[in-house]
Participant: 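Mind looking over this structure? Questions follow.
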Amino acid sequence: MKIIHTFLPVTYELDKRILYLMTASMLLAKKYYDNVVLYTDKKSAKIIREIGLPYTEINDTLLDGANIGTFTVPKMFVYKEQKEPFLHIDIDSLIFKKFNLLI
């Protein structure tokens with residue numbers, strides 16, 4: 001199953017606090033799931049790649065240039081693109097054990 005993060009700097013910028021939360025969330029998710037993907041814009045993706053966060057994939061095309069005033073709408077765009085089972089978690093969600101999902 002794919003775990004998805006979505007980040008678009010709509011209400012806040014990508015700063016150290018956000019990066020700390022994102023890193024903890026992604027590393028804990030990778031502990032239990034092999035496929036952890038980030039959907040974001042090109043500017044944020046550049047920073048995340050430079051830091052070296054080991055996402056399985058960073059998609060910086062779907063949301064790049066989106067002019068959206070809320071953080072929920074980009075998630076809907078991401079959900080629409082999925083072709084396999086996935087679980088979307090917020091970048092401040094921490095997973096401490098694998099979910100027992102019936103998929």
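Computed over heavy atoms, backbone and side chain alike; hydrogens, waters and symmetry mates excluded. Bear in mind the structure is a predicted one, so any value in this text is a computation, not a measurement.
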Participant: Counting C-beta onward and ignoring hydrogens, is there a side-chain heavy-atom pair between Met26 and Pro54 closer than 4.5 Å?
Facilitator: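 Yes - at least one pair of side-chain heavy atoms lies under 4.5 Å apart.
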Participant: Do Asn35 and Ile3 pass the side-chain contact (heavy atoms from CB on, under 4.5 Å) test, and can you show the C-alpha distance, the side-chain angles, and the key distance before you say yes or no?
Facilitator: CA-CA 6 Å; Asn35 194 4; Ile3 303 294; over 6 Å; no
Participant: Do the non-hydrogen side-chain atoms of His5 and Tyr39 ever get within less than 4.5 Å of each other?
Facilitator: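 Sidechains of Tyr39 and His5: no contact.
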Participant: Treating Ile, Leu, Val, Met, Phe, Trp and Tyr as nodes and any side-chain heavy-atom pair under 4.5 angstrom as an edge, say whether Tyr55 and Leu21 lie in one connected cluster.
Facilitator: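 No, separate clusters.
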Participant: Do the side chains of Leu63 and Pro74 get nearer than 4.5 Å, heavy atoms only?
Facilitator: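 Yes; the side chains approach each other to less than 4.5 Å.
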Participant: Using the rule that Ile, Leu, Val, Met, Phe, Trp and Tyr join whenever any side-chain heavy atoms are under 4.5 Å apart, tell me whether Phe99 and Val36 fall into a single cluster.
Facilitator: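 Yes, Phe99 and Val36 fall within the same hydrophobic cluster.
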Participant: Looking at CG of Leu28 and OG1 of Thr23, how far apart are the two atoms once the value is rounded to the nearest 0.5 Å?
Facilitator: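 Answer for the CG-OG1 pair, Leu28 versus Thr23, is 10.5 Å.
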Participant: Hey, could you give me the CG/CD distance between Leu38 and Glu57, rounded to the nearest 0.5 Å?
Facilitator: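 So the gap between those two atoms works out to 9.5 Å.
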Participant: For residues Leu87 and Leu94: do they belong to one hydrophobic cluster (side chain heavy atoms under 4.5 Å, members Ile, Leu, Val, Met, Phe, Trp, Tyr)?
Facilitator: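 Different hydrophobic clusters.
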Participant: According to a hydrophobic-cluster definition based on side-chain heavy atoms being under 4.5 Å apart (Ile, Leu, Val, Met, Phe, Trp, Tyr only), do Ile18 and Ile47 belong together?
Facilitator: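 Both belong to a single hydrophobic cluster.
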Participant: Answer with yes or no whether the hydrophobic clustering places Leu27 together with Met1; edges join I, L, V, M, F, W, Y residues whose side-chain heavy atoms lie under 4.5 Å apart.
Facilitator: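 Both belong to a single hydrophobic cluster.
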Participant: Can you spot which of Leu53, Thr40, Val37 makes a side-chain contact (heavy atoms from CB on, under 4.5 Å) with Ile58?
Facilitator: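 Answer to the side-chain contact (heavy atoms from CB on, under 4.5 Å) test with Ile58 among Leu53, Thr40, Val37: Thr40.
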Participant: Please find out if less than 6.0 Å separates the ring center of Phe86 from that of Tyr79.
Facilitator: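 Here the rings of Tyr79 and Phe86 have centres that are less than 6.0 Å from each other.
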Participant: Are Ile89 and Ile95 side-chain neighbours, meaning at least one heavy-atom pair lies under 4.5 Å?
Facilitator: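 The answer is yes, as the side chains (C-beta and beyond) meet within the 4.5 Å cut-off.
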Participant: To the nearest 0.5 angstrom, please state how far the OG1 atom of Thr72 sits from the CG atom of Leu8.
Facilitator: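 Rounded to the nearest 0.5 Å, the OG1-CG separation comes to 11.0 Å.
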Participant: Surrounding CG of Asp15 (heavy atoms of other residues, nucleotides or ligands, distance under 6.0 Å), is the total greater than 12?
Facilitator: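 Yes.
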Participant: Can you find a heavy atom in the side chain of Asp60 that is under 4.5 Å from one in the side chain of Arg49?
Facilitator: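 Side-chain contact under 4.5 Å: yes.
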Participant: With rounding to the nearest 0.5 Å, note down the distance linking CD1 in Ile4 to CD1 in Ile91.
Facilitator: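 These two atoms lie 14.5 Å from each other.
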Participant: Is any side-chain heavy atom of Ile48 closer than 4.5 Å to a side-chain heavy atom of Met22?
Facilitator: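 They are in side-chain contact.
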Participant: Does OH in Tyr33 sit with more than 12 non-hydrogen atoms of other residues, nucleotides or ligands closer than 6.0 Å?
Facilitator: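 More than 12 heavy atoms, drawn from other residues, nucleotides or ligands, come within 6.0 Å of this atom.
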Participant: Should we count NZ of Lys31 as having more than 12 external heavy atoms under 6.0 Å?
Facilitator: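 No - once you tally the heavy atoms of other residues, nucleotides and ligands closer than 6.0 Å, there are 12 at most.
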Participant: Measure the spacing between CZ of Phe7 and CG of Leu14 and express it to the nearest 0.5 Å.
Facilitator: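 If I round to the nearest 0.5 Å, the distance is 4.5 Å.
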Participant: Would the distance check show the side chain of Gln82 and the main-chain N or O of Val78 forming a donor-acceptor pair, the cut-off being under 3.5 Å?
Facilitator: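 Checking the backbone N and O of Val78 against the side chain of Gln82, a donor-acceptor pair under 3.5 Å is found.
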Participant: Taking the cut-offs as 6.0 angstrom to the six-membered ring centre and 45 degrees off its axis, would you call Lys97 and Tyr32 a cation-pi pair?
Facilitator: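 Verdict for Tyr32: no cation-pi partner in Lys97.
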Participant: Below 4.5 Å, heavy atoms only, C-beta onward: do Pro85 and Lys2 meet side chain to side chain?
Facilitator: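 No, side chains not in contact.
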Participant: Under a 3.5 Å cutoff, is there a donor and acceptor pairing between the side chains of Asp90 and Ser93?
Facilitator: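 Checked: Asp90/Ser93 side chains show no N/O donor-acceptor pair below 3.5 Å.
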